[in-house]
Structure formats: structure tokens, C-alpha cells
K.L.:
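Below is one structure. I have some questions about it.
Note that these values count all heavy atoms, side chains included, but never hydrogens, waters or copies made by symmetry.
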Amino acid sequence: MRSRYSAYTLGLIDYLRDTTLPAQQAGLDLAGIRAWSLGSTWLGLEVESSELIGAQPEHAFVTFTASWHDGNGEHSHRERSAFVQQGGRWYFIDPTVALKVGRNEPCPCGSGQKFKKCCSGYMSP
């Protein structure tokens with residue numbers, strides 16, 4: 001989570017794309033992410049908690065609050081984000097990016113489970 005926040009502060013949009021679940025990367029609004037990243041003054045990140053879930057592959061939750069300032073004033077956003085580990089790397093599961101995968105198809109996180117039994121709950125806005 002800290003590395004993704006740092007990427008927002010530095011405008012490293014490729015890093016943000018590359019650390020999102022590969023099956024979701026094509027659905028990202030990179031122009032929107034770039035505009036938000038570069039149009040904001042980032043004020044801080046507070047990581048409140050992290051929770052590792054020992055399934056295979058490993059999943060984790062990180063609860064955080066990010067603060068920034070833009071043309072509309074100062075803002076903060078609190079979120080509980082989901083992550084999954086694939087091939088030794090952690091990927092953000094973006095709840096705003098829909099996947100074209102059926103509930104009974106294999107989960108794109110690589111768990112071997114059906115999507116409905118694994119990550120489907122993390123991917124609904």
C-alpha cells in the first residue's frame with residue numbers, strides 16, 4: 001500500500017497499473033489516474049491495519065487513510081483494500097474495475113477456486 005501511495009505522489013502511473021491485478025489492468029482509466037495523481041498535492045498516508053489471510057494464493061487487506069489537496073480543497077479517503085500475491089508479487093484488487101468472468105469460472109487471482117468462492121466479493125464497487 002505504501003508503494004502505491006508513493007507512486008501516486010510521484011506520478012508513476014505505470015507502477016500503479018503494474019501493481020493492479022493483471023486481469024484488471026486493461027480496464028484501468030490511466031488518464032484519470034494520471035490527472036488525479038499529478039493534479040493533487042499529497043499530504044500523507046496513515047496505514048491503520050493490515051490482515052494477512054493465509055489462503056493459497058495469499059490474500060491481504062490493508063485499511064488506510066490517504067490525504068491530498070487539489071483545486072477543490074483538502075480531502076481524505078479511508079479504504080479497506082484487498083491484495084493478492086501472485087508469483088511473489090502483491091497486486092491490488094481494484095473494486096472499480098469489472099472483470100468479464102463468470103461466477104463459476106476459475107478466479108483470476110490464480111487460487112484455483114471458482115470466482116464466486118474467492119475474489120468476487122472484492123471486485124464489486
Side-chain angles (χ1 to χ4, degrees):
M1 186 62 243
R2 285 183 176 93
S3 70
R4 287 181 56 84
Y5 175 83
S6 295
Y8 273 105
T9 69
L10 298 169
L12 302 176
I13 308 313
D14 290 346
Y15 181 83
L16 293 166
R17 180 200 58 225
D18 294 346
T19 57
T20 299
L21 186 67
Q24 293 181 302
Q25 291 176 6
L28 293 172
D29 175 7
L30 297 178
I33 293 170
R34 181 174 287 104
W36 186 40
S37 172
L38 299 176
S40 301
T41 300
W42 298 91
L43 304 174
L45 173 70
E46 178 187 343
V47 176
E48 299 172 27
S49 66
S50 61
E51 175 187 356
L52 184 63
I53 301 168
Q56 289 300 320
E58 287 186 313
H59 287 73
F61 292 103
V62 177
T63 302
F64 68 92
T65 301
S67 301
W68 71 96
H69 183 273
D70 62 21
N72 295 315
E74 194 168 309
H75 312 276
S76 67
H77 173 75
R78 185 173 188 269
E79 182 176 312
R80 182 176 188 242
S81 291
F83 293 84
V84 64
Q85 191 177 61
Q86 290 182 343
R89 290 188 65 185
W90 284 98
Y91 294 95
F92 172 60
I93 300 173
D94 191 327
T96 68
V97 177
L99 285 170
K100 292 180 176 36
V101 59
R103 292 177 37 80
N104 290 315
E105 292 181 39
C107 190
C109 81
S111 68
Q113 296 182 56
K114 291 180 179 181
F115 180 59
K116 69 181 178 185
K117 295 278 187 177
C118 194
C119 291
S120 68
Y122 308 144
M123 296 183 191
S124 344

K.L.:
Show the numbers, then the answer: is there a side chain to side chain contact (heavy atoms under 4.5 Å, CB included) between His77 and Trp68?
P.N.:
CA-CA 9 Å; His77 173 75; Trp68 71 96; 3.7 Å; yes

K.L.:
With the side chain counted from C-beta on, respond yes when Pro108 and Gln24 share a heavy-atom pair under 4.5 Å apart, and no when they do not.
P.N.:
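SC-SC contact between Pro108 and Gln24 ruled out.
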
K.L.:
At their closest point, which heavy atom of Cys109 faces which heavy atom of Pro57, and how far apart are they?
P.N.:
O-CG, 3.6 Å

K.L.:
Is it true that Leu45 and Leu12 fall in one hydrophobic cluster, defined by side-chain heavy atoms closer than 4.5 Å?
P.N.:
no

K.L.:
To check you understand the geometry: which heavy-atom pair defines the closest contact between Arg89 and Thr19, and what is its length?
P.N.:
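Scanning both residues, the minimum pair turns out to be NH2-CG2, 3.9 Å.
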
K.L.:
Cluster question for you: counting only ILVMFWY and a side-chain heavy-atom cut-off of under 4.5 Å, with indirect links fine, are Phe64 and Leu52 together?
P.N.:
yes

K.L.:
In terms of side-chain heavy atoms, does Glu48 have a donor or acceptor partner in Thr65 at a distance below 3.5 Å?
P.N.:
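Per modelled atom types, Glu48 and Thr65 side chains form a pair under 3.5 Å.
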
K.L.:
Test your reading of the model: is there a side-chain donor-acceptor pair from Thr9 to the backbone of Ser6, 3.5 Å cut-off?
P.N.:
yes

K.L.:
I need the His69 NE2 to His75 NE2 distance, nearest 0.5 Å.
P.N.:
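The NE2 atom of His75 is 7.0 Å from NE2 of His69, to the nearest 0.5 Å.
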
K.L.:
Hydrophobic cluster membership, with links at side-chain heavy-atom distances under 4.5 Å among I/L/V/M/F/W/Y: are Phe115 and Val84 in one?
P.N.:
yes

K.L.:
Between CD of Gln85 and NE2 of His59, what distance do you get to the nearest 0.5 Å?
P.N.:
10.5 Å

K.L.:
Is there side-chain contact between Ser50 and Met1, with at least one heavy-atom pair below 4.5 Å?
P.N.:
no

K.L.:
Would you give the length of the straight line joining atom SG of Cys107 to atom CG of Leu99, rounded to the nearest 0.5 angstrom?
P.N.:
8.5 Å

K.L.:
Testing the basics here: between Glu58 and Trp90, what is the closest heavy-atom pair and its distance to 0.1 Å?
P.N.:
O-CZ3, 3.6 Å

K.L.:
List the atom of Glu51, the atom of Arg80, and the distance in Å for their closest heavy-atom pair.
P.N.:
OE1-NH2, 3.0 Å

K.L.:
Between Ser76 (side chain only) and Ser67 (backbone N and O only), is there a donor and an acceptor less than 3.5 Å apart?
P.N.:
no

K.L.:
Would you give the length of the straight line joining atom OG of Ser120 to atom NZ of Lys114, rounded to the nearest 0.5 angstrom?
P.N.:
12.5 Å

K.L.:
May I ask you to decide if the ring planes of Trp36 and Trp42 are parallel, tilted or perpendicular, using 30° and 60° as cut-offs?
P.N.:
perpendicular

K.L.:
Just verifying a value: how many Å separate Arg34 CZ and Asp14 CG, rounded to the nearest 0.5 Å?
P.N.:
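Rounded to the nearest 0.5 Å, the CZ-CG separation comes to 7.0 Å.
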
K.L.:
May I ask you to decide if Leu16's main-chain N or O and Arg4's side chain share a donor-acceptor pair within less than 3.5 Å?
P.N.:
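Answer holds: yes.
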
K.L.:
Quick one about Ser3 and Tyr15 (side-chain donor to acceptor, distance below 3.5 Å, no hydrogens or angles considered), yes or no?
P.N.:
yes

K.L.:
Which heavy-atom pair separates Tyr5 from Leu43 by the least distance, and what is that distance?
P.N.:
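Minimum heavy-atom separation between Tyr5 and Leu43: OH-N, 3.5 Å.
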
K.L.:
Return the CG to CD1 distance between Leu28 and Ile33, rounded to the nearest 0.5 Å.
P.N.:
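If I round to the nearest 0.5 Å, the distance is 5.0 Å.
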
K.L.:
Could you check whether atom NZ of Lys117 has more than 12 heavy atoms from other residues, nucleotides or ligands sitting under 6.0 Å from it?
P.N.:
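Check fails, neighbour count at 12 or below.
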
K.L.:
Are Val62 and Ile93 connected into the same hydrophobic cluster when the rule is that any two of I, L, V, M, F, W, Y join if their side-chain heavy atoms are below 4.5 Å apart?
P.N.:
no

K.L.:
Show the nearest heavy-atom pair for residues Thr20 and Tyr91, with the distance to one decimal.
P.N.:
O-CD2, 3.4 Å

